[in-house]
Novice: 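A single structure is presented below for examination.
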Amino acid sequence: MPGTDHASIATENKVVAKLKSEGISKEDLTREEFLKHAWEWKEKHGGIILGQLRKLGASCDWDRTKFTMDPDLSEAVINTFVYFYKKGYIYRGVRMVNWDPVGLTAVSDEEVIHRDTVSKFYHLRYFISDGNGNPTDKYLVIATTRPETIMADAAICVNPADERYHWLKGKKVLIPLINKEIPVIEDSYVEMDFGTGCLKVTPAHDINDYEIGIRHNLPVLDIIDEHGRLNEKARILVGEDRFEARKKIETMLREAGNLEKVEDYTSPVGYSERTDAVIEPKLSMQWFLKMESLAKDALESVESGKVRLIPDKYRNTYRHWMENVRDWCISRQLWWGQRIPAYYLPDGRFVVEPTPEAALEAARKLNPDISAADLKQDEDVLDTWFSSWLWPISVFDAAKPGHPEVQANRDLAYYYPTNDLVTGPDILFFWVARMIMAGNEFMHEVPFRNVYLTGIVRDKLGRKMSKTLGNSPDPLDLIAKYGADAVRIGMLLCSSAGNDILYDETQVEQGRNFCNKIWNAYRLIAGWSVDENAEQPEAAAVAVKWFRSKLNSVVETVEDHFSKFRISDALMAIYKLFWDDFCAWYLELVKPAYGAGADRKTYEASMDFFEALLKMIHPVMPFITEELWQNMKQRNEGETIMLQRYPVSDGFDADFLAKFDLACEAVTAVRSIRQQKNISPKEKLALRAKADFPSEANAAIRKLANVDMEVAGKPADNSAGVSFLVKTHEMFVPLTGHVDAAEEIAKLEAVIEYQEKFLASVRKKLSNEKFVNGAPEHVVAVERKKEADSIAKIEAAKASLKALKG
RNA sequence: GGGAGCAUAGCUCAGUUGGUUCAGAGCGUCUGCCUUACAAGCAGAGGGUCGGGGGUUCGACUCCCUCUGCUCCCACCA
């Protein structure tokens with residue numbers, strides 16, 4: 001189900017900015033005119049993300065693409081609002097909100113970013129009143145970072161346990177500059193050892209002060225307007241911006257003798273996530289949704305395992321949030337979004353109904369004389385999340401939200417609940433938790449079983465990538481440069497659940513290289529001609545047998561990884577199977593000599609393997625796999641790799657795989673030695689030209705391989721494995737024959753030295769009674785075998801040494 | 001201040017009841033190769049007291065304590 005939300009705050013900001021650049025102010029437009037501009041903007045830009053998804057090859061049901069402000073989805077939102085209102089969950093109230101004076105809207109707590117900011121700490125003298133509003137010569141000192149709000153002070157507060165200020169009890173003090181009399185009150189909220197121990201209480205402009213104000217029944221005086229300017233209630237500095245006012249009042253206070261001192265001070269200040277404006281705590285009429293009961297159910301859904309979070313470390317975070325959730329402020333002072341369906345009567349009463357017609361009807365029950373023109377709809381719109389939390393339901397059946405009693409339509413009944421939700425941990429609460437709430441409420445069933453939380457992609461500095469910051473590479477550019485498959489596999493290979501990704505273009509390069517590897521492997525196989533008379537060589541037969549087993553074992557591994565949502569592990573297993581096992585070993589073993597045709601058995605096996613590999617990687621690399629799959633043979637109209645069965649294992653021979661691994665190690669050892677011997681390409685070509693591989697060279701390889709394995713402390717019983725590898729033309733190259741005696745002696749001595757050291761450590765372990773008695777039998781048995789093997793190796797090496805020296 | 005988590009190779013990370021398989025992967029690095037699929041490649045090599053310290057255990061990357069450093073979430077001292 002592809003789609004987008006309407007991102008009300010971000011979009012409205014963009015549209016306002018665009019209009020501003022054209023010399024149009026939002027205030028000059030009617031709501032309808034503004035929305036027209038907003039829709040134009042949406043049509044132009046809203047498709048970009050969907051376009052990127054298409055370019056990436058996201059396999060979505062594009063015909064069903066939805067937008068949260070589609071008429072039917074908007075209707076679902078309105079119905080939901082009415083439903084919760086009538087249920088008593090939605091209420092309207094004066095609350096302290098985070099006001100964004102630039103965006104001119106309230107933003108949720110979650111949209112406020114606290115940053116340490118350097119500011120000033122002003123120590124101000126408040127003179128004690130003589131009772132008639134005149135100052136005495138006694139004063140107290142308060143410390144504040146916001147001297148421009150003193151005109152809104154409602155009281156001075158001290159801690160009742162603070163002996164320094166007992167003399168203030170019952171006194172009144174005068175606000176500097178305006179000489180307004182306010183009481184001194186006591187509240188244990190005040191920290192005695194912070195600042196001066198005296199706190200000015202400004203209920204309208206600080207959330208904590210507001211709460212103190214409620215406890216002490218203090219009047220609320222709001223002196224800052226919606227743009228962050230002082231209003232006429234401030235009496236002085238009216239019309240000044242809050243920061244300008246702060247500068248000016250500092251001077252005024254100093255001149256009036258009320259400023260004791262100013263200190264530098266760093267404190268956390270809230271900024272709007274969207275506009276970066278300093279948040280102004282402001283009393284405001286807002287709509288709220290009660291969360292207590294919804295959160296309780298949503299918590300239970302996760303605690304009981306009905307919804308699984310991956311990785312599950314997020315369960316703790318989730319629980320903590322759900323247990324401390326506050327009511328959800330769902331109103332936004334914007335135009336772009338679903339308008340709140342509350343309709344006000346001239347007398348201030350209001351009704352909540354889904355349509356103006358229903359509202360009029362309801363209003364007439366309150367006052368029969370009301371006409372449609374008398375009703376005024378609420379100016380605010382709803383939080384975007386209030387529409388996206390319905391997504392899993394409303395995209396299938398928009399009539400369902402708000403009507404839990406109505407039967408779901410066919411689509412909804414079929415698709416709900418879904419299996420897996422993939423999303424970022426940063427919206428676990430905004431979106432995921434709320435979708436669970438809406439699901440529980442309207443469907444009596446959670447919307448999904450598993451929530452896979454991806455990492456957040458960060459830039460090399462560790463900063464979050466975001467549209468607004470503009471530090472994200474354009475996916476379309478990356479796709480143009482490297483291909484969509486490269487971008488997909490490159491990013492996925494290094495992303496494990498819940499871990500952030502530090503983006504680096506080399507990851508995408510790795511993806512591109514892998515694409516090329518796949519392409520070239522196909523070029524090789526596709527270029528083979530089949531010689532119907534050719535017998536299958538022994539090496540090829542063994543290789544086919546081996547790779548069939550290997551493929552099955554990796555299919556099982558991959559299945560296990562996927563079942564545990566270990567995506568990058570699964571993909572890395574396929575990556576290695578393709579590159580290391582298929583290309584580096586299998587193809588090298590079976591590829592026919594230059595000019596010769598392949599035998600049919602090997603050819604067909606190779607094609608089958610290649611097809612299986614394509615199917616395995618297809619979900620993450622859809623383009624190249626489809627292209628090659630279509631090319632492998634004539635396909636029927638409409639046939640596609642997308643609809644093929646994913647490879648399934650029919651078992652594998654673990655012993656055989658282990659033997660082959662040993663053989664591979666032996667070959668590697670030979671190659672290592674060859675490298676040290678530095679055989680020139682010319683010599684190699686000369687060797688290759690000989691039809692037959694000299695038997696003495698064969699023996700030398702085997703010997704060297706075994707010696708090398710001994711040095712590595714690994715078992716040497718791999719001659720069977722080596723022999724068939726050695727017969728392949730890759731191995732016809734290595735050595736010319738004779739072995740340098742001195743070098744051989746040095747090697748044997750090294751073997752002896754290594755093994756004696758090893759033996760000593762094993763024997764030490766075996767002489768420990770606690771180990772022999774305490775450890776499991778098989779562990780002890782392994783140690784005993786190591787001991788015996790080591791002794792045998794030392795003896796053999798010593799014998800060879802003697803013979804060589806002799 | 002409250003809560004959660006992290007620390008393993010130069011980088012990004014695995015390490016699934018404490019024990020044959022455990023010290024790993026990918027990328028990067030170094031060395032040698034224009035080899036008839038692929039130099040965006042091939043072959044080989046080096047690289048880590050598993051953050052420090054202590055404890056439990058016959059045995060600890062793994063469990064416990066502590067210290068140090070970092071991240072995130074929540075709340076926020078005027």
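Lettering of chains follows the sequences in order, A, B, ..., and the numbering in each one begins at 1.
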Novice: Looking for any heavy atom pair under 4.0 Å, which part of the strands does A:Lys576 touch: base, sugar-phosphate only, or nothing?
Specialist: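 The residue A:Lys576 makes sugar-phosphate contact but no base contact.
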Novice: Nearest to the side chain of A:Phe194, heavy atoms from C-beta on, is which of B:A40, B:C76, B:A78?
Specialist: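 Side chain of A:Phe194 sits closest to B:A78.
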Novice: Which nucleotide wins on minimum distance to the side chain of A:Arg566, given the candidates B:C76, B:C74, B:A14?
Specialist: B:A14
Novice: Which of the following nucleotides, B:A43, B:U16, B:C38, is nearest to the side chain of A:Lys517?
Specialist: B:C38
Novice: More 5' along RNA chain B: A:Met572 or A:Asp569, using each one's nearest nucleotide?
Specialist: A:Asp569
Novice: Can you name the residues that form a side chain to side chain donor-acceptor pair (under 3.5 Å) with A:Glu303, not counting sequence neighbours?
Specialist: A:Arg319
Novice: Just distance, no hydrogens or angles: give the donor-acceptor pairs under 3.5 Å from side chains in residues 140-158 of chain A, sequence neighbours left out.
Specialist:
from: A:Thr144; atom 1: OG1; to: A:Arg146; atom 2: N; distance (Å): 2.9
from: A:Arg146; atom 1: NE; to: A:Glu148; atom 2: OE2; distance (Å): 3.1
from: A:Arg146; atom 1: NH1; to: A:Glu280; atom 2: OE2; distance (Å): 2.9
from: A:Arg146; atom 1: NH2; to: A:Glu148; atom 2: OE2; distance (Å): 3.2
from: A:Arg146; atom 1: NH2; to: A:Glu280; atom 2: OE1; distance (Å): 3.1
from: A:Arg146; atom 1: NH2; to: A:Glu280; atom 2: OE2; distance (Å): 3.2
from: A:Glu148; atom 1: OE1; to: A:Arg246; atom 2: NE; distance (Å): 3.0
from: A:Glu148; atom 1: OE2; to: A:Arg246; atom 2: NE; distance (Å): 3.4
from: A:Glu148; atom 1: OE2; to: A:Arg246; atom 2: NH2; distance (Å): 2.9
from: A:Thr149; atom 1: OG1; to: A:Arg146; atom 2: O; distance (Å): 2.8
from: A:Thr149; atom 1: OG1; to: A:Lys200; atom 2: NZ; distance (Å): 2.7
from: A:Asp153; atom 1: OD1; to: A:Lys200; atom 2: NZ; distance (Å): 2.9
from: A:Asp153; atom 1: OD1; to: A:Thr202; atom 2: OG1; distance (Å): 2.9
from: A:Asp153; atom 1: OD2; to: A:Tyr126; atom 2: OH; distance (Å): 2.5

Novice: Could you pull out all residues at least two apart from A:Arg512 that satisfy salt bridge (Lys or Arg N to Asp or Glu O under 4.0 Å)?
Specialist: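 Partners of A:Arg512 by the salt bridge (Lys or Arg N to Asp or Glu O under 4.0 Å) criterion come out as none, since no residue qualifies.
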Novice: Suppose we call a contact any N or O donor and acceptor under 3.5 Å apart; does that hold for the side chain of A:Asn520 and the base of B:A37?
Specialist: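 No, no donor-acceptor pair under 3.5 Å.
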Novice: For A:Gln510, report the nucleic acid contact type (base, sugar-phosphate, nothing); a contact means any heavy atom under 4.0 Å.
Specialist: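 Answer is sugar-phosphate: A:Gln510 comes under 4.0 Å of backbone atoms only.
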Novice: Please list each protein N or O that sits under 3.5 Å from an N or O in nucleotides 57-62 of chain B, with the distance.
Specialist:
from: B:C58; atom 1: O2'; to: A:Asn768; atom 2: ND2; distance (Å): 3.3

Novice: Let me have RNA chain B in dot-bracket notation, would you? Count Watson-Crick plus G-U wobble pairs, both distances under 3.5 Å, and use [ ] for pairs crossing earlier ones and | for inter-strand partners.
Specialist: (((((((..((((.....[....)))).(((((.......))))).....(((((..]....))))))))))))....
Novice: By the 4.0 Å heavy-atom rule, please label A:Val201 as base, sugar-phosphate, or nothing.
Specialist: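 Here A:Val201 touches no strand at all.
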Novice: Kindly point out which of B:A37, B:A75, B:C42 is positioned nearest to the side chain of A:Leu524?
Specialist: B:A37
Novice: Can you list everything that forms a side chain to side chain donor-acceptor pair (under 3.5 Å) with A:Glu611? Sequence neighbours excluded, please.
Specialist: A:Trp629
Novice: Please enumerate all residues that pass side chain to side chain donor-acceptor pair (under 3.5 Å) together with A:Thr602, with sequence neighbours excluded.
Specialist: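 Listed in chain order: A:Gln536, A:Asp599.
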Novice: Which residues satisfy the side chain to side chain donor-acceptor pair (under 3.5 Å) test with A:Asp327, sequence neighbours excluded?
Specialist: A:Tyr91
Novice: Measure from the side-chain heavy atoms of A:Glu588 and tell me the nearest of B:A40, B:A37, B:G15.
Specialist: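 The listed nucleotide nearest to A:Glu588's side chain is B:A37.
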Novice: Let me have the donor-acceptor pairs involving side chains of residues 573-583 of chain A, under 3.5 Å, with sequence neighbours excluded, atom names and distances please.
Specialist:
from: A:Tyr575; atom 1: OH; to: A:Gln510; atom 2: NE2; distance (Å): 3.3

Novice: Can you name the salt bridge (Lys or Arg N to Asp or Glu O under 4.0 Å) partners of A:Glu556, sequence neighbours left out?
Specialist: none
Novice: Applying a 4.0 Å non-hydrogen cut-off, can you work out what A:Cys583 is touching in the nucleic acid: base, sugar-phosphate, or nothing?
Specialist: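 Base, at least one base atom sits under 4.0 Å.
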Novice: Taking only nitrogen or oxygen atoms into account, show me every contact under 3.5 Å that the protein makes with nucleotides 2-11 of chain B, one pair per line with its distance.
Specialist:
from: B:A4; atom 1: O3'; to: A:Asn316; atom 2: ND2; distance (Å): 3.3

Novice: A:Leu587 has a side chain; which of B:A75, B:A78, B:A37 sits nearest to it?
Specialist: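 Minimum distance to the A:Leu587 side chain belongs to B:A37.
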Novice: Looking at every strand, decide which applies to A:Tyr575 at a 4.0 Å heavy-atom threshold: base, sugar-phosphate, or nothing.
Specialist: sugar-phosphate
Novice: Looking for any heavy atom pair under 4.0 Å, which part of the strands does A:Trp528 touch: base, sugar-phosphate only, or nothing?
Specialist: nothing
Novice: Going by the rule salt bridge (Lys or Arg N to Asp or Glu O under 4.0 Å), which residues pair with A:Glu263 if we only count those two or more places apart in sequence or in a different chain?
Specialist: A:Lys261
